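To start, the structure under review is shown below, and the notes come after it.
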Number of protein chains: 2
Amino acid sequence: MTTATTELETIQREVETHGHGRVPRELRRRQILAIAEDLFVERGYAAASMDDLATRIGVSKPVIYEIVGRKDVVFEACVGRVADALAAHVAAAVAGAGPADEHAGLRAGALAWFDFIGERRGLWEALLSSRDVPTTEAVESIRVRQDRWVATHLVASAEARGRPVDETLAGAVATAMNGAFEALGRWWHDHPHRSASELADLYTDLMLPGLTSLLDVADR
Amino acid sequence: MTTATTELETIQREVETHGHGRVPRELRRRQILAIAEDLFVERGYAAASMDDLATRIGVSKPVIYEIVGRKDVVFEACVGRVADALAAHVAAAVAGAGPADEHAGLRAGALAWFDFIGERRGLWEALLSSRDVPTTEAVESIRVRQDRWVATHLVASAEARGRPVDETLAGAVATAMNGAFEALGRWWHDHPHRSASELADLYTDLMLPGLTSLLDVADR
DNA sequence: AGTAGTAACCTACTTTGAGTAGGTCGACAA
DNA sequence: TTGTCGACCTACTCAAAGTAGGTTACTACT
């Protein structure tokens, strides 16, 4: 749970350990991604140039292309890191709520979700939402992953309650739920005085009734 | 209700009417936007070059910059046209359902929405969803417009039922609802054998229960 | 008819930034 | 001593956005 800055500082210290700028591949890779994340957050995708990135790292462009790859690949890697962290955060919260109570689970997951993006507004905005991101494969693939996770969870939880659901249905519902999450994340950006807890309440109140009725009634 | 192709053909015919390629400003503008729409759909934002666009129109680049503006402005204008058409389509359907019945209104709106994007998959994908669009101001502004429309409708309809709601709450709910729409639109792309009507049913079943309970209970 | 003004259009750039070809330099192994 | 390998560099190419400054034809007025 270290912040991005601290992580970057750790990496930088380790980089300086090595001789005349000659840094092993894996460490260089982590350094590139950490610095790229900052750059994308500050400038946005389009305005962040590979030349800038190279300069900040203190290295020439071909090194980036050798170690990570093209600009969109660098971006995708950054998004992936954030997605992993978010998924872990939410999964832990939902698991903590126990499998029995659908309401508690949804509410805990929603809270964890809003908590996470609330703590990293800038990061979230820059990498996933609105202005200027090229909404590449990267964003789509993280959506798919989140959708699948939620769908799997819905299926498992329905099964645990003895009311198995159609997987396709669960997939569609999961997608819609995540779409609502994303949208509320954007809404929050324009109404920052709201708390994560209020958002989670609203989300739960809005989605839970339909969710239970849909999943409990049938598999149509 | 003419399709994009027919509209383009009409414009082209009118363009050919005029003398040696000398076309009045307004007509040229409509021609540029119609052709640009096709180009963006075929190639996506990034891969569609202004040179290509100019060549297709049969004109040099500065003309585009003079009449419409920079690449992102051209894109925004294209998105705006689609957004207008969608909004009109949905609004008409909802109005047709009458103000009294919340269920019928939501269901009709959802159906109109899915109908619209179903008929123009390519267009929708290219302009608003996933891969490669720079998710600029354009997309954000159309979201805001849709959100506002839904929010206004929610407030009005709640008032008509004698249970006024907090506008902020309505705004948040509207945003979440539209986020779910967008997400299901993407989901549909991966499950094309579903019908618009099925999607509308699913959407209604999922959102309506929470919606009514949220809006009818209180303004908290 | 002659001429001024202007709307529509053009050629030919500049600039920016992604991506690459083909090297240097030092460490360590045989 | 020489080979080779890993980390890194200079110095490009290429594509595409955006622009400066001109040209042409049509209209309107004298």
Side-chain angles (χ1 to χ4, degrees), chain A residues 11-12 14-33 35-36 39-40 42-78 131-134 136-138, chain B residues 11-12 14-36 39-40 42-78 132-134 136-138:
Chain A
I11 293 175
Q12 294 295 38
E14 197 178 341
V15 165
E16 273 153 31
T17 291
H18 293 256
H20 278 60
R22 220 101 172 175
V23 171
R25 218 183 161 78
E26 256 320 302
L27 177 58
R28 189 61 95 189
R29 184 185 165 82
R30 279 186 294 138
Q31 186 199 23
I32 291 172
L33 293 186
I35 294 180
L39 224 202
F40 284 133
E42 276 175 40
R43 298 245 229 286
Y45 180 84
S49 84
M50 295 298 269
D51 285 301
D52 271 7
L53 179 55
T55 305
R56 283 206 191 185
I57 299 169
V59 107
S60 73
K61 256 196 302 179
V63 173
I64 304 173
Y65 282 87
E66 173 63 33
I67 306 267
V68 183
R70 313 210 274 160
K71 192 182 182 183
D72 56 341
V73 176
V74 174
F75 182 76
E76 191 163 343
C78 290
R131 32 199 104 260
D132 179 64
V133 171
T136 29
E137 319 275 321
Chain B
I11 293 175
Q12 294 295 38
E14 196 178 341
V15 164
E16 273 152 31
T17 291
H18 294 257
H20 280 61
R22 220 101 173 174
V23 171
R25 217 183 162 82
E26 256 320 301
L27 177 58
R28 188 62 95 189
R29 183 185 165 85
R30 278 186 296 138
Q31 185 198 24
I32 292 173
L33 293 186
I35 294 180
L39 224 202
F40 284 133
E42 274 175 42
R43 297 247 227 286
Y45 181 84
S49 83
M50 296 297 269
D51 285 302
D52 271 7
L53 179 55
T55 304
R56 285 206 189 184
I57 299 169
V59 109
S60 73
K61 256 197 300 179
V63 173
I64 304 172
Y65 283 85
E66 174 61 33
I67 306 266
V68 183
R70 312 212 273 162
K71 191 181 181 184
D72 55 340
V73 176
V74 175
F75 183 76
E76 192 163 344
C78 290
D132 179 64
V133 172
T136 31
E137 319 274 323

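Quick note on labels: first sequence line is chain A, next is B, and so on, each numbered from 1. Since this is a predicted model, take the numbers as computed values, not measurements.
Taking the six-membered ring for Trp and thresholds of 30 and 60 degrees, A/Phe40 and A/Phe75 have ring planes more than 60 degrees apart, a perpendicular arrangement.
Here CG of B/Leu53 is found 6.0 Å from CE of B/Met50. Values are rounded to the nearest 0.5 Å. Here the CD1-CD1 distance, from B/Ile67 to B/Ile32, works out to 5.5 Å after rounding to the nearest 0.5 Å.
B/Ser60 pairs by the side chain to side chain contact (heavy atoms under 4.5 Å, CB included) definition with B/Pro62, B/Val63, not counting sequence neighbours. The side chain to side chain contact (heavy atoms under 4.5 Å, CB included) test applied to A/Val15 returns A/Ile11, A/Gln12, A/Val23, A/Leu27, A/Arg28, A/Gln31, not counting sequence neighbours. Residues forming a ring-ring contact (aromatic ring centres under 6.0 Å, His included) with A/Tyr65 (at least two apart in sequence, or on another chain): none.
In this structure, A/Glu66 places its CD atom 13 Å from P of D/dC9, rounding to the nearest Å. Computed from coordinates, the A/Arg29 CZ to D/dC8 C1' distance equals 18 Å when rounded to whole Å. The NE2-P distance, from A/His18 to D/dG6, rounds to 17 Å in whole Å. Atom CZ in B/Arg22 sits roughly 10 Å away from atom P in D/dT24 (whole-Å rounding).
Applying the salt bridge (charged side-chain N to carboxylate O under 4.0 Å, His left out) rule to pairs touching residues 47-71 of chain A yields A/Arg25-A/Glu66, A/Glu42-A/Arg56, A/Arg43-A/Asp52, A/Asp51-A/Lys61, sequence neighbours excluded.
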Enumerate all atom pairs, one protein N or O and one N or O from nucleotides 16-18 of chain D, separated by less than 3.5 Å.
| residue | atom | partner | partner atom | Å |
| --- | --- | --- | --- | --- |
| D/dA17 | OP1 | B/Lys71 | NZ | 3.1 |
| D/dA17 | OP2 | B/Met50 | N | 2.9 |
| D/dA17 | N7 | B/Lys61 | NZ | 3.3 |
| D/dG18 | OP1 | B/Arg70 | NH1 | 3.4 |
| D/dG18 | OP2 | B/Tyr65 | OH | 3.2 |
| D/dG18 | OP2 | B/Lys71 | N | 3.2 |
| D/dG18 | N7 | B/Lys61 | NZ | 2.7 |
| D/dG18 | O6 | B/Lys61 | NZ | 2.8 |

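Residues B/Ser49 and B/Leu39 approach most closely at O-CD1, 4.1 Å, considering heavy atoms.
Taking the nucleotide of DNA chain C with the nearest heavy atom to each of B/Pro62 and B/Glu26, the more 5' of the two is matched to B/Glu26.
Nucleotides of DNA chain C with any atom under 4.0 Å from a heavy atom of chain B span, from 5' to 3', C/dA7 to C/dT11.
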